[in-house]
Structure formats: C-alpha cells, structure tokens
There are 2 protein chains.
Amino acid sequence: MVATKRLSTRGRAGRESGGSERRAELLAIAAELFATRGFLATTVREIADEAGILSGSLYHHFDSKESMAEEILRGFLEEQKQAYEQVLRENDDPREAIAELIRVSFRAMQRDRAAIAIFQNESQYLSQFDRFAFLRQSAHDFERLWTRVLQDGQRRGVFRTDLNVRLAYRFIRDMVWTTVHWYNPRGKLTANVIAEQYIQILCEGIVAQ
Amino acid sequence: MVATKRLSTRGRAGRESGGSERRAELLAIAAELFATRGFLATTVREIADEAGILSGSLYHHFDSKESMAEEILRGFLEEQKQAYEQVLRENDDPREAIAELIRVSFRAMQRDRAAIAIFQNESQYLSQFDRFAFLRQSAHDFERLWTRVLQDGQRRGVFRTDLNVRLAYRFIRDMVWTTVHWYNPRGKLTANVIAEQYIQILCEGIVAQ
DNA sequence: GTCTATATAATGATAGAC
DNA sequence: GTCTATCATTATATAGAC
C-alpha cells in the first residue's frame, strides 16, 4: 500500500474547523454553558473562566461567540441526520421505524444533551442570522423524514388514518426533544426507560383496555 | 342600593400593581416582544419604541424590565391555577378531567399565548432570581394537580397501571405547552382541533386497532 | 406621562507582547 | 496558546425639566 501524502488538519487549528483537542474542550465547555444558562446569558468571560483562561484567549480559537454555537450545532445535526437515515435503511416496518427513531433520539440525549438543548432553546433566536440558516434546513429535513414514515404507516394500515400527520409529527418531536429540559443523565430515569415509556404511550395511549 | 365609597385603584398607577390602561397596553407590548424575541434579546428601548415613547418613560410605569416579566407571569399563572381548579371541581371522571385540563390549557393558548411562551422559554433563566421564585412554586402546584388526576385514574382502573405517573405528566405537560412554539392564532389549525387530536393520541395512541 | 440627557456597568471583540 | 490592556458598543436605569 502506497502511503499517499496528505495535508494534516492538525497542527494548525487556528480558526478553521476540524481541530485540536483544546478546541474540542473549549467547545464542550461552551456547549454546557449555552445549554444550561442560555446563549445570550452566557458571556465569553464565563466560558473562558470555566476553561481557566482569559476571554481574549478564546479568540485565538474562535471568531466569535456565535461561531462556537454554530460549530456545536452543525456537529450535532450532521450526526443526528446520519443516525436517522440509518434507522430508515434498517427498518421497513413503520411502527418499528418510529420506535427506533425515538430510541435513536433518546440515545442522542445521552451523547449530545447540551447540543440538543441549544438547538431547542436558541434556534428561534439564532435563525435570524444568515450563518444559522442551516437550522431551519435541518428542522425541515427532519420533518420530512419523520412524516414519510408516518404517512407510509397510514397507507399500510399500521397507523390510524384519522391522524393529521403533520400534527402527529410535531407531537412526537416536541415530546422527544423537550425531555432535554428535565432529563438528568445521572438520574434514576435512564434515557432508555423514558424512550420505552414514551413509545408505549404514543402507540397505545394511556387509557386501559 | 347604597353606593359605598371605596378607594379607587385608578388615578395613581405609579409603580404599584393593579393599574391604568396604559400600563396594561405596555405590558401587552412587552409580553409580545418577550415571547417572540426572548426576554434577554428584547431591549427596553424596543419595548418603548413599539409603544411610541422613549425608553426612560417606561420607568415611570415599571421598576425594571424584570418587573414587567414578573407581572406578566404572575397574572397568567394565577388565572391558569383558577381555571385548572375549576376543572377538577366540575369533573369527577379522571379521563374527562384530563381531557378538560388539556382543553383548558389550549384555551389559554388563545388568550395568553405570549405569557405561556415566556413561561416556557424563560423560566429557567428567570428562576435564578428570588423575585421569580413563584415560577417554581407554580410549576410544582401544577404537577401535583395533574398527577393527582392521573393517580386517581389508575386506582379506578381508567388508566393503565404500568404508567409511570410522573413521566406521563411530563409527557402531557411538554406536549401541551410546547405547542406555543408553533401555534399560529390565525392559522388553519385552531387550538380546539389541536387539543382534540392530542387528547385522542394521548388516550388511544397512534396505532390502528 | 413623556422627554432630555446622562450615569454606570457590562459585553463582544481586537492588537500586540510574551 | 495565553495574557495584558483596552476599545467600541450597547444595555439598564436614573434625575429632573416640561
């Protein structure tokens, strides 16, 4: 095998993406603060404090506070898109597909809790800036993906036909993602338990037979 | 009928509560801005602009930006508490009670959309201040009220007994209130339609029989 | 009840030394 | 990669005239 020489992305993290470990650490710190305090309520000084450096030093790694949020959100959305598409490839039955999509979402809650919270809480505010146009795009892509499964399920007699598909989608989406507001990664209620309970309520309802 | 003389709350709105019409107008303007742009992202200048006055003039009516948010939220929560308690007085059957609680919540969405959005979006941030301690208190009161109905329903065999009641409550609460993020008061989907669909999904699930 | 004018503090960001 | 030092801007809030 001939080792082809290629440019390494390492060594000159600078302000370009794809970066050093330090960069990743700083992003994780920022994500946690953005998620818990809110994007606007978090100051660059607080991020720097948490990282043990001064605010000015942050600008060696990032252009701006916004660019930090952008990188966090892009990373999460790309990952989530891949995960969802894999679910569709591996599940033909609509009911199983919906259940798996929910499970995959709750698995993301363990991995990317902070990013999900930021996506949930700050999308409306951030979307006003051109650089965050991808937020709307992703939301739209997700909606198409989920509603396709729901529609398919209706056609094949798996889901009730008197459902308004768009409404049902919003129902599921809100129910899944808002969990991030109270989900405790170290609590008794694991993401798995929550997922299974939600799938059951969604499919069968809360009323006894 | 003897007209008993009493102190009017009018005439000296000042900074005390219970106030002039102007005060109410200003609060409505602030509520709309807080709801759509976020509390932190809204400046007092913007509120004043929208009201056609200068920012300094706002402080004739209110102590601070926070006190505006406080008044908006207190008003909504008090009203909602009354509405919920009336539902419980008038509905003994747990399933009907839950359905009515949901309907009453969606009716609030028409009346107090802005306040609900603020309660949803800014509670976490505002709760850090002592003056907003009532937010946690109200959230706690609501949780107790709803879970009592759910538990009662389980005992009486109306709801499935394998439900985790606290989880089911959060499920319902999130599903109802997050609607405020996309609900359009002038859209085709009326609050009534949404409410009935949600009640159906919640009770019967989405899977066909 | 609103305006003029301004105090005061905090914020995001920059330039250059180390 | 971080620090020193600091700028420019913006925000909430105040005091007193009208």
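Please read these numbers as outputs of a predicted model, since none were measured by experiment. Note on naming: letters A, B, ... go to the chains in the order of the sequence lines (proteins, then strands), and numbering restarts at 1 for each one.
Rounding to whole angstrom units, NZ of residue B:Lys65 and P of D:dT14 are separated by 15 Å. Nucleotide C:dT2 holds its P atom 11 Å from the CZ atom of B:Phe62, rounded to whole Å. Between the CG atom of B:Asp49 and the P atom of C:dT2 there is a distance of 14 Å, given to the nearest Å. Look at CZ on A:Arg22: it is 9 Å from P on D:dG1, rounded to the nearest Å. Straight-line distance from the NE2 atom of A:His61 to the P atom of D:dC3: 10 Å, rounded to whole Å. The interatomic distance linking A:Glu66 (CD) with C:dT11 (C1') rounds to 13 Å, in whole Å. Taking atom CD on A:Glu70 and atom C1' on C:dG12, their separation rounds to 17 Å, with Å as the unit. Summarising the geometry, the separation between CD1 on A:Ile47 and P on D:dT2 is reported as 14 Å, rounded to the nearest angstrom.
Between the side chains of B:Asp112 and B:Gln80, not a single donor N or O lies within less than 3.5 Å of an accepting N or O.
Within the structure, every side-chain polar atom (N or O) of B:Ser57 is placed at least 4.0 Å from both OP1 and OP2 of C:dG1. Remark: A:Ser64 is not in phosphate contact with C:dG12, judged by side-chain N or O atoms under 4.0 Å from OP1 or OP2. B:Tyr59 has a side-chain polar atom (N or O) that falls below the 4.0 Å cut-off from OP1 or OP2 of D:dA13. Taking only side-chain nitrogens and oxygens, A:His60 never comes nearer than 4.0 Å to OP1 or OP2 of C:dT14.
Smallest separation of non-hydrogen atoms from A:Tyr125 and B:Arg37: CD1-O, 4.5 Å. Closest approach of B:Ser64 and B:Arg131 over heavy atoms only: OG-NH1, 3.6 Å.
Each of A:Ile98, A:Leu101, A:Leu145 was scored for a side chain to side chain contact (heavy atoms under 4.5 Å, CB included) with A:Val87, with one residue passing: A:Leu101.
Note: A:Phe119 and A:Phe142 have perpendicular aromatic rings, judged against thresholds of 30 and 60 degrees for the angle between ring planes.
Sorted by residue number, the list of members of residues 29-46 of chain A with any non-hydrogen atom under 4.0 Å from DNA chain D is empty.
A cation-pi arrangement is absent between A:Arg173 and A:Trp146, since the terminal nitrogen or guanidinium carbon is not both under 6.0 Å from the aromatic centre and inside a 45° cone about the axis.
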Could you pull out all donor-acceptor pairs under 3.5 Å where a side-chain atom in residues 189-199 of chain A meets a protein atom, sequence neighbours excluded?
{"unit_1": "A:Thr190", "atom_1": "OG1", "unit_2": "A:Val193", "atom_2": "N", "d": "3.1"}
{"unit_1": "A:Glu196", "atom_1": "OE1", "unit_2": "A:Arg103", "atom_2": "NH2", "d": "3.4"}
{"unit_1": "A:Glu196", "atom_1": "OE2", "unit_2": "A:Arg103", "atom_2": "NE", "d": "2.6"}
{"unit_1": "A:Gln197", "atom_1": "OE1", "unit_2": "B:Asn164", "atom_2": "N", "d": "3.0"}

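Among the protein residues, A:Ile53 comes within range of the sugar-phosphate backbone only, with heavy atoms under 4.0 Å from sugar or phosphate atoms but none that close to a base.
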